[in-house]
Colleague: 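Dropping the structure in here first, questions after.
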Amino acid sequence: FRGDPREVLGEFFEPVQKAHPDARESYLAIGELALEKSDFSLAGKSFSAATKKFPEDPDAWFGLARAYSNSDAETTEDALEKTLKFNPHHTGAKLLRADHYIDAEDYAAADAALAEALKINPHHPEAHAYRAVLAHLRGDSAAEAEARTAAFAPSATNPRVPHLIGRKLSQKYRFAEGAALQREALRFDREFLPAKAQLANDLLRLGEEEEGWRLAEQVHQEDPYDVVAYNLTTMREAIAHFETLTSEHFKVKMDPQEAKIYGDDVLALLERAHATLSKKYGLQMRGRTTVEIFPKQSDFAIRTFGLPGGGGYLGVCFGNVVTVNSPASRQSSPANWEAILWHEFAHVVTLTLTKNKMPRWLSEGISVYEERLARGSWGEQMKPRYRAMILGEDLTPLSGLSGAFLKPKTPMHIGFAYYESSLAVEWLTQRWGMDKMKRLLADLAAGREINAALAAHFAPIETLDSEFATHARQLATGTAPKLDWAKPPPATFASDDTALEWIKKNPDNFTALTEHAKQLITEKKWAEAKAPLLRLIALYPEQRAPDSAYAQLAKVHRALGESDAELTILRQHADLAADAPETYERLMELSSQRGEWTQVIEYARRFRAVNPLRPTPYRFEAEALEATKAPAAAAQAYRTLLQLDPQNPSPIHYRLARVLHAAGDKTAKRHVLKALEETPRFQEAQTLLLEITGNASPDRAGKPPKPR
């Protein structure tokens with residue numbers, strides 16, 4: 001259906017519902033229409049209403065499962081269970097389960113689900129299409145051909161068969177194969193919009209933008225009410241103003257204002273990543289990698305997924321195309337954009353080497369591992385919660401790690417999946433060597449199944465599962481081994497008296513020390529707070545959290561006016577934390593007061609790696625560069641500061657003019673005039689103007705106010 005869904009709802013379905021509230025077909029029809037248009041919210045509401053009205057209707061529950069299939073794993077699984085409870089022979093439910101098993105790379109379970117579906121209908125085209133997907137992923141071309149033949153048996157030109165196979169392969173990042181299959185579907189039926197829409201997305205992810213955008217526009221024109229097509233065309237208009245920056249190996253598209261501020265830094269970071277990782281993995285890249293940086297998270301989500309959402313994603317790599325959120329989209333939860341780009345380019349390398357034929361855990365594990373190698377503070381690190389998860393019941397066997405990304409219990413569990421995957425890669429590489437890791441990637445590129453490739457170069461998967469679990473638990477128990485990690489009884493901190501009594505009996509308990517320090521800081525008992533914080537650091541020096549004992553102790557030293565001690569602790573914290581802008585800012589202040597200009601420049605760089613869109617680091621950096629006689633770099637820092645539209649640009653123009661004049665740059669006059677335009681009575685600027693025009697001597701220039 002390609003008309004206005006609202007008209008259909010208003011003129012047909014809703015009147016039927018009102019006239020015949022017990023007619024299940026109207027609820028199901030509304031839900032199906034919403035699913036067809038990718039309006040999953042409306043689909044969920046309609047099918048949810050249907051399950052309440054008809055609680056034993058398997059089709060209502062199956063519709064609900066599909067509505068939440070991409071957003072809520074728990075609701076989906078519950079709906080599938082109810083579907084099969086009320087109809088144990090519901091083929092659609094079994095196929096949807098197989099679909100999810102394929103996503104989780106649990107191919108044995110997918111085989112079993114498909115076998116159950118084929119017992120019900122041995123000629124089901126979609127069941128055989130899924131079998132073709134599995135065979136392709138296993139590199140079994142004979143089995144794939146057999147499954148395709150069976151899928152086409154009822155109809156030799158059924159476009160849904162290549163469309164489904166291609167869609168699933170694209171979800172495995174095999175966009176070239178997926179695009180070819182969508183073209184096959186369109187040869188069978190030129191008007192089959194699902195294939196045209198999927199092809200548009202595949203081409204955009206392959207970097208073939210001209211044809212990709214053209215197809216997306218065609219889908220939108222042919223069906224203006226398709227949500228994904230509408231979102232894509234609207235998003236394209238929103239980013240049409242993006243500027244393109246190029247270097248030897250990269251093409252970066254980003255907001256023009258952001259490009260002026262940190263575009264050169266982006267290119268420099270990417271080229272460093274290219275030089276490091278391409279050499280390490282022995283990859284000769286062909287052509288430029290495209291990186292798109294979105295200041296709006298909604299545009300990033302639509303470009304990446306076709307729909308809003310994906311708030312937990314910082315970046316996504318499709319192969320030679322990378323999409324990332326800019327720091328502008330993450331003001332409330334800053335992340336190190338340099339680490340993000342390094343991570344995503346590691347994906348470019350490994351996906352290119354394997355022709356996109358690698359399990360998710362290995363791909364993510366290598367990228368996080370390479371982050372940590374590039375800079376010790378980058379990437380997921382061991383933390384108290386991860387330690388507890390490893391020693392508890394949350395450690396996933398190496399063979400099932402890809403599934404950990406599919407159904408995380410909490411946001412913490414998705415971070416843990418990244419961390420555990422990186423531990424697995426680190427363990428494999430350090431124990432067996434980098435050469436074997438490279439051979440593993442080569443085997444995957446040739447189509448070898450992951451467990452067989454692991455067995456060939458490392459050990460059988462059962463052995464790897466067992467030995468990796470042992471290794472991870474040893475790491476966890478080796479984290480702050482002298483610290484007491486036991487959880488206090490629930491009522492321990494109900495009162496000050498019970499808390500102090502328990503702390504006395506358990507002086508090295510992590511929770512007790514942490515809570516005691518927090519309480520003392522809350523009461524502003526600064527001197528007393530030192531003891532538990534120093535003890536925490538002594539027992540657990542690898543703390544990296546923003547509110548770690550280092551950050552708390554620095555706060556205590558500052559309150560007590562102990563700036564030397566504060567500086568020492570802040571430096572330790574900065575070396576451990578990749579995204580601590582408050583710490584970097586305070587370090588710039590303290591280092592500037594001491595005239596330690598090299599330190600100021602370093603912490604300004606670290607600040608910019610988290611948020612390059614704030615003026616603070618450029619102000620400190622410019623002052624430090626002036627002091628170290630680097631006029632060209634200082635001038636650039638002042639120019640960037642002006643790009644950030646400061647409230648009071650006058651002193652910045654003055655300082656820039658002073659630097660330029662000292663270097664003999666004639667544009668100094670323009671900037672000093674801008675300073676006077678903003679503040680006509682700016683005496684130092686007046687003096688500098690006279691000096692520039694030859695009417696005063698240099699010694700008349702006064703000390704300028706600091707720019708704000």
Side-chain angles (χ1 to χ4, degrees), residues 101-112 134-135 137-140 143 172 280-282 346 350-351 353-355 357-370 372-373 379-382 386-408 413-479 481:
Y101 288 135
I102 292 172
D103 290 343
E105 296 173 15
D106 190 346
Y107 299 150
D111 276 329
L134 286 170
L137 294 174
R138 289 166 169 155
D140 190 340
K172 294 296 183 183
K280 177 176 181 177
Y281 286 88
T350 56
L351 289 174
L353 280 171
T354 61
K355 301 177 182 177
K357 298 177 183 179
M358 63 190 308
R360 184 171 180 185
W361 74 264
L362 181 60
S363 180
E364 297 295 358
I366 289 175
S367 284
V368 176
Y369 175 55
E370 289 296 346
R372 288 203 297 269
L373 290 180
E380 287 286 348
Q381 309 273 351
M382 180 71 82
Y386 290 173
R387 180 190 180 277
M389 292 170 81
I390 291 172
L391 297 176
E393 299 180 355
D394 291 298
L395 186 69
T396 303
L398 188 149
S399 58
L401 270 174
S402 287
F405 292 91
L406 185 64
K407 296 181 180 179
H413 282 78
I414 190 70
F416 183 60
Y418 280 93
Y419 175 65
E420 190 185 341
S421 297
S422 74
L423 279 189
V425 168
E426 182 178 66
W427 174 65
L428 290 169
T429 304
Q430 291 182 352
R431 179 168 174 180
W432 280 278
M434 186 63 196
D435 285 343
K436 288 200 172 184
M437 180 59 70
K438 290 162 72 172
R439 289 176 202 158
L440 172 70
L441 299 179
D443 271 10
L444 294 175
R448 196 170 194 178
E449 193 268 334
I450 179 62
N451 287 351
L454 285 168
H457 300 292
F458 302 96
I461 192 64
E462 296 80 9
T463 302
L464 293 177
D465 277 348
S466 174
E467 293 186 0
F468 172 65
T470 300
H471 170 73
R473 291 190 176 100
Q474 287 174 345
L475 278 179
T477 55
T479 299

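Values reported hereafter were calculated over all heavy atoms of this structure, with side chains retained and with hydrogens, waters and symmetry mates removed.
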Colleague: Would you call Asp394 and Tyr386 a side-chain contact if the rule is heavy atoms closer than 4.5 Å?
Modeller: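 Of all side-chain heavy-atom pairs linking Tyr386 with Asp394, none is under 4.5 Å.
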Colleague: Measure across Met358 and Leu444 and return the closest heavy-atom pair with its distance rounded to 0.1 Å.
Modeller: CB-CD1, 3.9 Å
Colleague: Taking side chain as C-beta onward, heavy atoms only, is Leu464 less than 4.5 Å from Asn451?
Modeller: no
Colleague: Does Arg473 use its side chain to pair, donor to acceptor, with the backbone of Leu391 at less than 3.5 Å?
Modeller: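 Checked: no pair found.
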Colleague: Which heavy atom of Ser402 sits nearest to which heavy atom of Glu105, and what is that distance?
Modeller: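 In this case the closest contact between Ser402 and Glu105 is OG-OE1, 2.6 Å.
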Colleague: Below 4.5 Å, heavy atoms only, C-beta onward: do Lys436 and Phe458 meet side chain to side chain?
Modeller: yes
Colleague: Working to the nearest 0.5 angstrom, can you tell me the gap between Met382 CE and Thr479 OG1?
Modeller: 4.0 Å
Colleague: Mark yes or no for whether Thr396, through its side chain, and Leu401, through its backbone, hold a donor-acceptor pair below 3.5 Å.
Modeller: no
Colleague: For Ser466 and Glu462, indicate whether the former's side chain and the latter's backbone hold a donor-acceptor pair under 3.5 Å.
Modeller: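 It does not hold such a pair.
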Colleague: Between Leu398 and Asp465, what is the shortest heavy-atom contact and its length?
Modeller: N-OD1, 3.0 Å
Colleague: Roughly how far, to the nearest 0.5 Å, is OH of Tyr418 from CG of Leu423?
Modeller: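 Reported value, rounded in 0.5 Å steps: 15.5 Å.
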Colleague: According to side chain to side chain donor-acceptor pair (under 3.5 Å), who are the partners of Ser367, at least two apart in sequence or on a separate chain?
Modeller: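 By the side chain to side chain donor-acceptor pair (under 3.5 Å) rule, Ser367 matches His347.
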Colleague: Quick check for you: to the nearest 0.5 Å, what is the distance between Ile102 atom CD1 and Asp111 atom CG?
Modeller: 8.5 Å
Colleague: Any sub-3.5 Å donor-acceptor pair from Lys172's side-chain atoms to Asp103's backbone N or O?
Modeller: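 Judged by distance alone, yes, a pair lies under 3.5 Å.
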Colleague: What's the shortest heavy-atom distance between Arg372 and Glu426, and which atoms?
Modeller: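 Looking at all heavy atoms of both residues, the closest pair is NH2-OE2, 3.8 Å.
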Colleague: If I compare all heavy atoms of Glu380 with all of Tyr419, which pair ends up nearest, and what's the gap?
Modeller: O-CD1, 3.6 Å
Colleague: Taking all heavy atoms of Met437 and all of Thr429, pick out the closest pair and write down the distance.
Modeller: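 In terms of heavy atoms, the two residues are closest at CE-OG1, 3.6 Å.
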Colleague: Are any of the side-chain heavy atoms of Arg439 and Trp432 separated by less than 4.5 Å?
Modeller: no
Colleague: CG/Leu440 to CZ/Arg448 distance, rounded to the nearest 0.5 angstrom?
Modeller: 9.5 Å
Colleague: When rounded to the nearest 0.5 angstrom, what is the spacing between NZ in Lys438 and NE2 in His457?
Modeller: 13.0 Å
Colleague: Do the side chains of Leu428 and Phe468 get nearer than 4.5 Å, heavy atoms only?
Modeller: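 Counting from C-beta outward, Phe468 and Leu428 never come under 4.5 Å.
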Colleague: Any non-hydrogen side-chain atom of Ile450 less than 4.5 Å from a side-chain atom of Asp443?
Modeller: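 The answer is no; the side chains never approach within 4.5 Å.
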Colleague: Heavy atoms, side chains only, cut-off 4.5 Å: are Glu467 and Arg431 in contact?
Modeller: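 Yes, their side chains come closer than 4.5 Å.
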Colleague: Drop me the distance from Ser422's OG to Glu364's CD, to the nearest 0.5 angstrom.
Modeller: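 The OG atom of Ser422 sits 10.5 Å away from the CD atom of Glu364.
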Colleague: Side-chain contact, heavy-atom cut-off 4.5 Å: Leu362 with Thr354?
Modeller: no
